Amino acid sequence: MKYIDEYRSKTLAKNILNQINLISYQPVNLMEVCGTHTVSIFRNGLRKILPLHINLISGPGCPVCVTPVRYIDEIIAFSRKKEFIVTTFGDMLRVPGSTSSLEKEKAKGADIRMVYSPLDALKIAQNNPEKKIIFAGVGFETTIPTIASTILKADKEKIKNFFVLSMGKLIPPAMKSLLESKEIKINGFLCPGHVSTIIGSKPYQSIASQYHVPCVISGFEPVDILQSIYLLLQQLKNNQAEVIIQYSRAVKPEGNEIALSKMKEVFITVDSDWRGIGNIPQSGLEINDNFFRFNARALESDIEIEETLEFKNCRCGEVLKGIITPLQCPLFKKICTPENPLGACMVSSEGSCSAYYKYN
Amino acid sequence: MKEEKILLSHGSGGRLSHDLIKKLFLPNFVNDKLSKLDDGAILKTPGTKLAYSTDSYTVDPLFFPGGNIGLLAVYGTVNDLAMCGAKPLYLSCSLIIEEGFPLSDLEEIVLSMKKACSIARVDIVTGDTKVVNRGNADKIFINTSGIGVVKRGVNTSGSNAQVGDLIILNGPIGNHGIAILSAREGLNFETTIQSDLAPLNGLVNEILKYSSDIHVLRDPTRGGLATTLNEIAQSSRVEVEIEEEKIPLEEEVRAACELLGYDPLYLANEGKLVTFVSPHVAPILLEEMRKNEYGINSKIIGKVVKKSEGLVYLRTSIGGKRVVDMLTGEQLPRIC
Ligand code: SF4
């Protein structure tokens with residue numbers, strides 16, 4: 001994996017910075033859609049070396065952050081019943097629900113297990129035939145294919161006690177919704193690298209053409225990001241709006257066809273709620289009728305979901321839409337910290353508030 | 001403490017663990033030896049200074065590339081004593097074993113401990129075994145405590161960093177953290193990365209030949225280099241600056257970090273140490289350290305810049321600068 005070095009080279013970074021300085025003099029708002037980019041920008045101190053008029057805005061691309069309170073409550077409700085084992089990615093444990101969190105329920109004795117992959121959850125199901133195993137299926141296009149494969153595997157192996165509470169989300173509809181809402185001016189998108197390895201470049205085409213906003217699919221190393229910023233600025237200068245793949249060592253225009261077909265086989269597209277943002281049409285994934293027996297929502301008559309209490313003062317919604325930076329949230333660092341997170345953006349390692357807290 | 005229950009994060013070595021120590025343990029067990037919060041306590045007895053340290057070991061999985069819980073239990077405490085500037089001598093060993101644990105695994109662990117003791121030149125001189133009902137412990141927990149003799153003239157402490165000190169690290173970071181992860185189920189990545197688990201008392205012995213210029217010795221285990229540097233900066237009330245380019249990191253560890261979205265600065269190590277030393281001894285000390293098998297890749301990674309509230313900064317390889325905070329909670333693989 002020697003190749004990574006060249007994407008961290010100081011000389012290369014300097015050269016690109018010079019080029020950026022040559023073509024850019026007007027204020028621009030560039031949104032990095034994905035949380036991994038936000039973290040990389042901080043980790044490498046990129047904001048500090050870019051010209052001031054280039055405003056990098058963090059977008060909604062952290063699956064834990066956009067998971068609505070109601071969904072957390074649903075999962076918590078499952079965990080409170082003895083017949084269920086709840087399995088989840090670790091980041092979800094500390095996300096606040098209406099009155100509790102999975103971490104707190106776990107300390108009270110609920111059987112909640114952190115897994116690295118839905119396949120682990122399936123294994124837990126096989127080892128605990130007397131229990132029903134709920135997997136908290138959050139994620140974007142990056143994670144969803146693995147969830148789909150797991151459901152297909154469960155189907156093939158006739159496993160009857162494995163269920164997914166799907167909260168799959170799609171990135172391109174969220175980007176469109178941000179542009180539609182006109183709450184913030186976005187001049188260009190740094191499109192997520194990992195998501196794009198699955199979906200390819202086509203889904204961004206309509207964003208570029210309909211809204212005339214250039215898109216560059218970027219890798220995660222500092223030189224990747226600088227180069228992608230340059231490619232956006234160049235397009236803006238030439239009044240172009242195209243989709244360019246900078247991260248070509250991992251992303252093909254057609255994406256990963258096998259992964260896409262598995263997603264299609266198991267899920268259908270539905271309208272979906274995003275924490276702090278609201279309902280975005282056709283932006284979510286639900287298990288389709290063919291695989292309904294794996295849908296945890298079929299078991300909801302067994303549980304009691306508490307009344308949703310949104311924490312009004314948390315401004316995650318505006319943070320996720322890039323309207324404010326976490327620094328503008330009055331609770332940031334004062335009351336809301338990674339140890340005592342009030343919003344999901346402070347919990348997830350890829351969340352904007354947590355990144356600002358850690359690195360700023 | 002707002003939470004009513006102990007959460008896993010309280011044991012992660014990050015900020016919540018520190019809160020627990022500062023708000024519950026320190027005020028109740030108040031004494032000047034504990035309050036230093038070093039890797040072990042220094043006890044003055046007539047004629048000698050003793051170092052005394054303890055640690056409990058739980059690791060999942062018990063056997064991992066480059067080691068197992070037995071080696072860890074011996075080397076971990078040996079290293080804690082070494083970081084006090086002591087020559088480790090005697091260990092105690094308590095085992096808490098879950099009913100049903102395979103005897104062959106226990107034998108393998110004990111044989112590893114025997115080997116580790118002979119390499120580190122320590123003896124296990126007292127011990128205890130408890131077996132608990134199935135489900136009341138996760139396979140096996142090991143506690144070891146150790147006693148060592150502090151060499152004359154040694155005065156290292158996490159609160160002893162001086163402005164101008166250079167910071168030396170003895171090799172690449174993050175191998176232990178990644179080795180453990182790679183051995184866990186479910187994380188689908190193949191790697192040949194081995195834990196860096198090693199006894200550091202020999203290397204420390206070399207370093208302490210310059211004892212009057214050695215101000216701090218610490219092993220960045222849980223919480224990684226970032227957390228250890230923050231602890232030192234806070235105890236010594238200084239500002240530390242490190243350079244990303246200078247921090248040794250193996251390609252494979254870096255690649256795994258990229259894949260998982262991890263920051264290597266927060267990954268656990270079990271065979272690494274950082275030492276803060278007067279600038280004039282740094283070059284010669286570096287040379288000496290590189291002669292030891294666990295110091296071949298030693299490097300100067302940064303310096304103490306000034307007096308301050310206790311902050312750590314990183315100069316990034318492409319010329320940016322950022323704060324390095326303590327670890328809060330566990331690092332988790334990215335899911336986006
Ligand atoms: S700082 Fe906390 S309260 Fe404010 S927006 Fe972020 S998560 Fe919400």
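Just so we're on the same page: letters track the sequence lines, and every chain starts at 1. Please read all numbers here as calculations on a predicted model, not as lab measurements.
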*Asks:* Is the number of heavy atoms from other residues, nucleotides or ligands under 6.0 Å of B/Lys303 NZ greater than 12?
*Replies:* no
*Asks:* Salt bridge check: are B/Glu245 and A/Arg8 linked by an N-O gap of less than 4.0 Å?
*Replies:*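 Looking at B/Glu245 and A/Arg8, the cut-off is not met.
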*Asks:* Above 12 or not: heavy atoms from other molecules or residues under 6.0 Å from NZ of A/Lys333?
*Replies:* yes
*Asks:* Give a yes or no on this: more than 12 heavy atoms of other residues, nucleotides or ligands lie within 6.0 Å of atom NZ of B/Lys307.
*Replies:*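 Count over threshold, so yes.
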*Asks:* Is there a donor-acceptor pair closer than 3.5 Å between any side-chain N or O of B/Arg322 and the backbone N or O of A/Gly45?
*Replies:* no
*Asks:* The test is side-chain contact (heavy atoms from CB on, under 4.5 Å); show your working for A/Tyr359 and B/Val324 and say whether it passes.
*Replies:* CA-CA 6 Å; A/Tyr359 297 117; B/Val324 178; over 6 Å; no
*Asks:* Can you tell me how far NZ of A/Lys48 sits from CD1 of B/Ile318, rounded to the nearest 0.5 angstrom?
*Replies:*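 B/Ile318 CD1 to A/Lys48 NZ: 12.0 Å, rounded to 0.5 Å.
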*Asks:* Only pairs of heavy atoms separated by less than 4.5 Å count here; which of B/Leu314, B/Leu265, B/Thr316 has the most with chain A?
*Replies:*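 The option with the most such pairs is B/Thr316.
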*Asks:* A/Lys106 versus chain B, heavy atoms under 4.5 Å apart: side chain, backbone, both or neither?
*Replies:*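 Interface part for A/Lys106: side chain.
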*Asks:* Do B/Asp325 and A/Tyr357 pass the side-chain contact (heavy atoms from CB on, under 4.5 Å) test, and can you show the C-alpha distance, the side-chain angles, and the key distance before you say yes or no?
*Replies:* CA-CA 9 Å; B/Asp325 198 11; A/Tyr357 185 94; 3.7 Å; yes
*Asks:* Assess whether atom NZ of B/Lys321 is packed by more than 12 heavy atoms of other residues, nucleotides or ligands within 6.0 Å.
*Replies:* yes
*Asks:* What part of A/Ala13 gets within 4.5 angstrom of chain B, counting heavy atoms only: side chain, backbone, both, or neither?
*Replies:*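 Just its side chain gets close to chain B.
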*Asks:* Measure the OG-CZ distance between B/Ser317 and A/Arg43 for me, rounded to the nearest 0.5 Å.
*Replies:* 12.0 Å
*Asks:* Could you check A/Lys104, A/Glu103, A/Lys108 and say which one makes a side-chain contact (heavy atoms from CB on, under 4.5 Å) with B/Lys5?
*Replies:*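 When A/Lys104, A/Glu103, A/Lys108 are each tested with B/Lys5, the side-chain contact (heavy atoms from CB on, under 4.5 Å) holds only for A/Lys108.
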*Asks:* Could you state the interatomic distance from CD (A/Glu339) to CG (B/Leu7), rounded to the nearest 0.5 Å?
*Replies:*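 Nearest 0.5 Å value for the CD-CG distance: 11.5 Å.
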